[in-house]
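A quick write-up on the structure given underneath.
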Amino acid sequence: MIDHVRFALSRPFEYSHAGERTTAQFIELNEPTSRNLSEVGVLRQSMVQAIRSYDFEAQQVQAPAPVEETDSKSKKDDGISAAEVLSILSASPVKLEQVYSAGKSLVLSRGIAKVDGQEPMTQVLFDKMSARDVEQMIGTLIASFILAS
Amino acid sequence: MPNQISDAVVEVNNDQVGIVPNSLSFNEGLGEQRILAVSEGGGQISQVFSNDLETAFGMVRFSLRSTAPNIERVRQWKAGGNTNVVIIAGQDTEGNDFIRTYTQAAIVSNYEVGIGTEGTIDVEFQANSPT
């Protein structure tokens, strides 16, 4: 199992490193530890709820024909992408606000996210990220470490 | 009419820092200049303008409350030598703003930590001229 993934930024931002200003290209995301159990719990529960409601709605749409196994299940075995995570969450009744909040808290935890693999993520740097990048980064975290575990 | 700026954001190494009110000051790192006289005879003088490049460094000064995290924070800045970056940004009530970025900033003084009810740490960075 992987212990870190690299998330490429669509909108690079400036940050400080070794006494100079430089432009960030990617965020290195590391596997959460037991210190992050509460955030991991919220994200896992949100995803399970979202996947269940996703399946339920899929069955309703295709009713009355019986559905054997859903696509989400087979995709999960093959690995689910960040985009799929976001799609499933967005289409479910799960509140995205709580997912983003737990995701942000996780990203700001010590050792989880490093800008260009060298500078710890801080509130200042997080605020510079585009909303789209933040969503995709949280989706990547969920797909890589929450669902994969 | 613009208002006095009495509050500014201080960011050191990607972290926002809470400072003691009214403690922030900085210079533009433009250095000192001198006008030197040249005697031309007959009571006439002209001038030679001179830049003192030795003084063309930036400076940022502020105070922090002597909390344990701040004591540790300043120690890290000092230990980092000139690998710090300090950014200050201010805005008045009408939206007029300024921002200065000081690279290769170092705490060169042997700073003191004041312990007491109102104890502070007076921090002074010397750095490249701001951009």
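Numbers restart at 1 for each chain; the letters A, B, ... are given by sequence-line order, proteins then strands.
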Contact class of B:D15 relative to chain A, heavy atoms under 4.5 angstrom: both
Partner residues of B:R100 under the salt bridge (Lys or Arg N to Asp or Glu O under 4.0 Å) criterion, sequence neighbours left out: B:E28
Heavy-atom neighbours of A:R11 CZ exceed 12 at 6.0 Å: no
Hydrophobic cluster membership, A:F126 vs A:F26, 4.5 Å side-chain cutoff: no
Rounded distance (nearest 0.5 Å) linking atom CZ of A:R21 with atom OG1 of B:T103: 10.0 Å
A:L108 with A:Y15, same ILVMFWY side-chain cluster at under 4.5 Å: yes
Value rounded to 0.5 Å, distance of CG in B:N84 from OG in A:S16: 9.5 Å
Atom pair CG/CG of B:N14 and A:L125 - distance to nearest 0.5 Å: 4.0 Å
Part of B:E11 lying under 4.5 Å from any heavy atom of chain A: side chain
Connected via hydrophobic side-chain network under 4.5 Å: A:L141 and A:V134: yes
Within one Ile-Leu-Val-Met-Phe-Trp-Tyr cluster: A:L89 and A:F7, side-chain cutoff 4.5 Å: yes
Whether over 12 other heavy atoms sit under 6.0 Å from B:F57 CZ: no
Over 12 foreign heavy atoms within 6.0 Å of CG, B:N22: no
Neighbours of chain A found in residues 110-131 of chain B - heavy atoms under 4.5 Å: none
Between A:E20 and B:Q104, a side-chain donor and acceptor under 3.5 Å: yes
More than 12 heavy atoms from other groups under 6.0 Å of CD on B:E94: yes
